[in-house]
Amino acid sequence: MAAVLESLLREEVSVAAAVRWVARRPQRSEESPGEAAALRALQPLRKDFVPFLLNFLREQSGRVLPQGPPTPAKAPGAAAALPGRPAGPARAGRGARSQLFPAPEPPAAAAAEAPLARRGGRRRGAGPGRERGGRGAPEDGGGGDSPPWAGARRPRGAGSPGSPGRALPDPPNLRNLEEFPPVGSVPPGPAGRTKPSRRINPTPVSEERSLSKPKTCFTSPPISCVPSSQPSALDTSPWGLGLPPGCRSLQEERAMLRKERSKQLQQSPAPTCPLPESGPPLPSRTGSLAAEPADPARVSSRQRLEVVALVYSSCIAENLVPNLFLELYFVLQLLTARRMVAAKDSDVEPSQDSLESPLFQSIHDCVFFAVQVLEHQFQILSYLDKGTLKLLAENERLLCFSPALQGRLRAAYEGSVAKVSLTMPPSAQAVSFQPETDNRANFSSDRAFHTFKKQRDVFYEVLREWEDRHEEPGWDFEKGLGSRIRAMMSQLSAACSHSHFVRLFQKQLLQMCQSPGGAGGPVLGEAPDVLNMLGADKLGRLRRLQERLAAPPSGGGPCPPPTFPGCQGFFKDFILSASSFQFNQHLMDSLSLKIQELNGLPLPQHEPGDEDGESDVDWQGERRQFAVVLLSLRLLAKFLGFVAFLPYRGPEPPQSRELQDSFVALRSQVPPVLDVRALLQQGLQAQRAVLTVPWLVEFLSFADHIVPLLDYYRSVFTLLLHLHRSLVLSWEGEGEMCFLNKLLLLAVLGWLFQIPTVPEDFFFLEECQVDALEVDTATSERGLDSVPVVDQQLLYTCCPYIGELRKLLASWVSGSSGRSGGFVRKITPTTTTGLGAQLPPSSQGLQAQLAQAFFHNQPPSLRRTVEFVAERIGSNCVKHIKATLVADLVRQAESLLQEQRVTQGQEVGDPAQLLEILYSQLCPHGAQALTQGREFCQRKSPGAVRALLPEETPAAVCSRAEAWNQQARVVCARACMFSAAQRALLWGWRPRRPVRGCQPISQR
Amino acid sequence: MILTKAQYDEIAQCLVSVPPTRQSLRKLKQRFPSQSQATLLSIFSQEYQKHIKRTHSKHHTSEAIESYYQRYLNGVVKNGAAPVLLELANEVEYAPSLMARIILERFLQERDETPPSKSVINSMLRDPSQIPDGVLANQVYQCIVNDCCYGPLVDCIKHAIGHEHEILLRDLLLEKNLSFLDEDQLRAKGYDKTPDFILQVPVAVEGHIIHWIESKASFGDECSHHAYLHDQFWSYWNRFGPGLVIYWYGFIQELDCNRERGILLKACFPTDIITLCHSTA
């Protein structure tokens, strides 16, 4: 694949054309025939380009980030995959995983072997340079039947001195791998051990293993569950046992490769490029690693870096990379790299057309490259949280390399408003008893009724004990509560009350875990501010303090495995301890039903404001409601996935092909627990992907190793893949999905593609059948996707790992290169939230709590009714005010403007100033709107509430509902009024000149 | 009326040494003048019950029963009008009503040659005139009337006090214009656990949300509070959320430790009730 990159570097092919080619978009007419021809020749390799590019960048950075945390997946694997070692089997976790996905071969590949070999060579590349080593010998040489490839490479080969024929001189770092310790590998340390790369040892290419597509290493995040499932014993075990016969050929191949290499070594008299590995030894990690200053003037090969950065950015922009945020993380790592294992500058002979000289020859190169990419990705950056933007804008390297970008970031920071859409109070409340569903009439017998009465109490007793004790060291869920839970389960079974209990369980789950607080997530916005308050020198102290703490909380990296944070842990452990088939079945039934119900909820509930004025108010409510529904769905789907795939979960995929086939045969006749494919298709069709996909991802993240092999789920994955590809962030326009909606989907999908059970190479398969996605969206109404329902808060709540970017940048500020691999694991300022929780509630807060509590114990229909009435009356109120008061104000404003013009003549002053004058004159009238609005609501709502609530509703409840209604609406109406008053002015002004936008109401 | 654990322990210690008579209660009152009579009586009664529980089995061995019965028979033979049974109970430090029950049971067993049913015994204790033996009826009557901690009379008084406080609470709620569902209404609706009152619209007391109120016309000591928590208060919390318990005769301060969790203890009707406002704009 290097051929493509090289063509680019030689400017034979334009970047745009190459990206179009990779993205499989139609060619443009302006492309030169030469370009097209060059690319067409490489057609069969197209799918390999992006993996190659990503691996290439990781490899290059391996020398640059020696002390850094392993760029997801890159470095540590190198140690495990030294060519000198006996060709080990693919390490359990990785290699076996790679068998998962029998990829449909592209029709172009005539011989099945050839592309496989190529893929194998590419993906198997285990260490820096392995990649190219693989390319050099076993593919072209071993495979021998890939003419387009060989053909395309020839020019490059010819261009390289001392590389006759197809045998190219391998880059020095490859050759040196055998003599030198792998420099790029992470030095022994906790980070190195606990974050195994997904980079894998070579997988034998043989008939037997033809399905075992080795994984693309770079997609491999440090997944913390991997180490346990990866017995190190396997690392050392030779192929011996159960080794398919074909493997021998691999060893032979490898032997040949080695021979070939040594030949090449002798043949090439002078290395064409420096030997970075022979540079100075790694700086001691324990010593203080002052960051090397980066200087834009000392960037070695600007043009080459620019081209690569452009290609890379374009791939990111086109969603050709599996995980957008992982790439951003990588780029930020480059930006914040402390120092480089210095390459000898004298040795560098910048050969523009070749990939053989290291891409990053100095820290300057790295930073230059990173800043280039960041410039291209500015749009995404501008949507990151305030803390990240600030850290980026304050980064001195960034300022030094691109003052323009710094300026834009600063502007974005200043313009960024923290929109908090989730103000759900954490409720550790019990599920309220509702006579309609919980009294004796709902049970088959007295005994069942009384058993359930007891079990409800046992459940909460267990929950309370868990709350009290789960943080105690040495406390064990199973030991502490297991027997009580199982006793409870057996009594429920005896009384056939599982469905009642499951309803309770599910409601409690939603109540406790839905709010971000309940999930144990940090409060957004708090963290960066605390760090900022501390300042750089104090951050250093903070780091030292942190180092003293025994177990700093781990952020989990940019791609954490699915977990059950906070209260979710209780429910997960409960399910495990209960180990009751009946319970699980009822739970799955109930979760599926609830998911379908919520997924089908008509959102947005009302048409986006019929006039632009009204929409501001409605969006807040809309967003809030969407967030609640989405978070609930994600939670339910996570548990459904957990329970549904629980019986099949295992640390490792089946080892042999036969076993796997039999599993697949068995499983493919089991109907899916929930028809997620149909739901996904419907969601796409109705343009509701932004609601459906995030929960589906949660569900699939618990899939076992067999799941992706099943036709049903494979088609689901294919759909998701196509969706991912289609979410190009830069496409804007009518009918397009909103930016943050897209970003959320990209983030969750990117995360899903990193889950160990999801086959890695799956992402890079050639186009498969797309028909499923061919959705006739033209006919569908304006769907949820094009409504701005996702805000930054929701994005970060759903994808806390995006916060890793901030942590990385913060660690740069702190000047740390701690043991954890160079980035401070920020001490999460839990105290701030903790203290906040203990503060006595203000009277307003108390009123809100009271309102919350009031609805909590009432049937849900009451809340629905009240909210409906509130929404309608509020909307009518706004319309009424607009028609009366605002219309007057507009007239007044217009006449005032006329006066001003007459008095001032042609010399119209600063429009803004003029507006201010008008505003101050009319503002008092705007206040009138508030009173009018309040009166309107008070007059209208009691009747409406009374008419809609059941006759039997107690008077007190009724009157409170009305009261709450008015209260809520007054707040809302007040917001409308102010905006209405302001808008009155703006309307008056509008005909003459576009005016600075009126502030959204949400900001007041 | 809210006692610290130390204060409570001092009173309880004092009670160990005195017999359960009205005289001792008066002495107790002198010793702790700052405490109300009702609080002391409640503590006194609880401590006595604990004492009886501890010694209960000792009095129920067949030897003990036989010996008490013989002593009773011998006593009434000498003088049927003398308070034989009462004195016997006092002598062996057992509750007179419970002693009466033992003897009555033994008597009926001998007469009918089968152990009598509980309901028969209870009914005879409630109305001693039903007892077929006049002398025994008189003896039982003396025991019940003179027992200040056990027996149908005491139960009746306790029930009346409990009810009285519920009425008191109801009146206070009505006075404060707080709407509620009472126990009977809840039962009619099919609730499986029923606190005294469920507020239809929650209120806040001392910053804590309150959904239900339970009235306890007794002193809240550790033993009774834990039993109540397990059988009632947590069950209420599990169904209706946080609530308020009023121990009209006080409680041990340290027991009020579940406020954050949602069980608030008070020794009187709260004064600073915050209701859901009609309008805050």
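Naming convention: chains lettered A, B, ... in sequence-line order (proteins, then strands); numbering from 1 in each chain.
Shown here is Arg447(A), whose CZ atom has no more than 12 heavy atoms of other residues, nucleotides or ligands within 6.0 Å. The neighbour count for Asp272(B) CG, taken as heavy atoms of other residues, nucleotides or ligands under 6.0 Å away, is above 12. Under a cut-off of 6.0 angstrom, the local environment of NE2 in His60(B) is crowded, with over 12 non-hydrogen atoms contributed by other residues, nucleotides or ligands. When the shell of 6.0 Å around NZ of Lys940(A) is examined, it contains 12 or fewer heavy atoms from other residues, nucleotides or ligands. Remark: Glu471(A) CD is loosely packed, at most 12 non-hydrogen atoms of other residues, nucleotides or ligands lying under 6.0 Å away. No more than 12 heavy atoms of other residues, nucleotides or ligands shown are found within 6.0 angstrom of NZ on Lys454(A). Atom CD of Glu260(B) sits in a sparse spot, with 12 or fewer heavy atoms from other residues, nucleotides or ligands closer than 6.0 Å.
Heavy atoms of Phe459(A) lying under 4.5 Å from chain B are absent altogether. Heavy atoms closer than 4.5 Å to chain B are found nowhere in Gln434(A), neither backbone nor side chain. Residue Ile274(B) touches chain A through both its backbone and its side chain, counting heavy-atom pairs closer than 4.5 Å. Of the two parts of Glu436(A), neither the backbone nor the side chain holds a non-hydrogen atom closer than 4.5 Å to a non-hydrogen atom of chain B. For Arg456(A), the parts lying near chain B are the backbone and the side chain together; criterion is any non-hydrogen pair under 4.5 Å.
If you tally non-hydrogen atom pairs under 4.5 Å between each of Leu199(B), Ile198(B), Asp192(B) and chain A, the highest count goes to Asp192(B). Interface check for chain A: of the options Gly262(B), Ser179(B), Ala204(B), the most heavy-atom pairs under 4.5 Å are formed by Ala204(B). Chain B forms more heavy-atom pairs under 4.5 Å with one residue of Leu463(A), Leu504(A), Asp468(A) than with any other, namely Asp468(A).
With no hydrogens or angles considered, no side-chain donor-acceptor pair links Arg464(A) and Asn258(B) at under 3.5 Å.
Remark: His856(A) NE2 to His211(B) NE2 distance equals 6.5 Å, nearest 0.5 Å.
Contact record, Lys189(B) with Pro435(A): O-CB, 3.7 Å, taken as the closest heavy-atom pair. In terms of heavy atoms, Phe854(A) sits closest to Val201(B) at CE1-CG2, 3.9 Å. The two residues Ala430(A) and Asn238(B) make their nearest non-hydrogen contact at CB-O, 3.2 Å. Nearest heavy atom pair, residue Gln847(A) against residue Thr275(B), reads NE2-O, 3.0 Å.
By the 4.5 Å heavy-atom criterion applied to side chains, Asp457(A) and Arg239(B) are counted as neighbours. Two residues are said to be in side-chain contact when any heavy atoms from C-beta on lie closer than 4.5 Å; Asn439(A) and Tyr191(B) fail this criterion.
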Working note: Tyr460(A) + Trp237(B), criterion side-chain contact (heavy atoms from CB on, under 4.5 Å); need CA distance, chi angles, decisive distance, verdict. CA-CA 9 Å; Tyr460(A) 284 110; Trp237(B) 185 94; 4.0 Å; yes

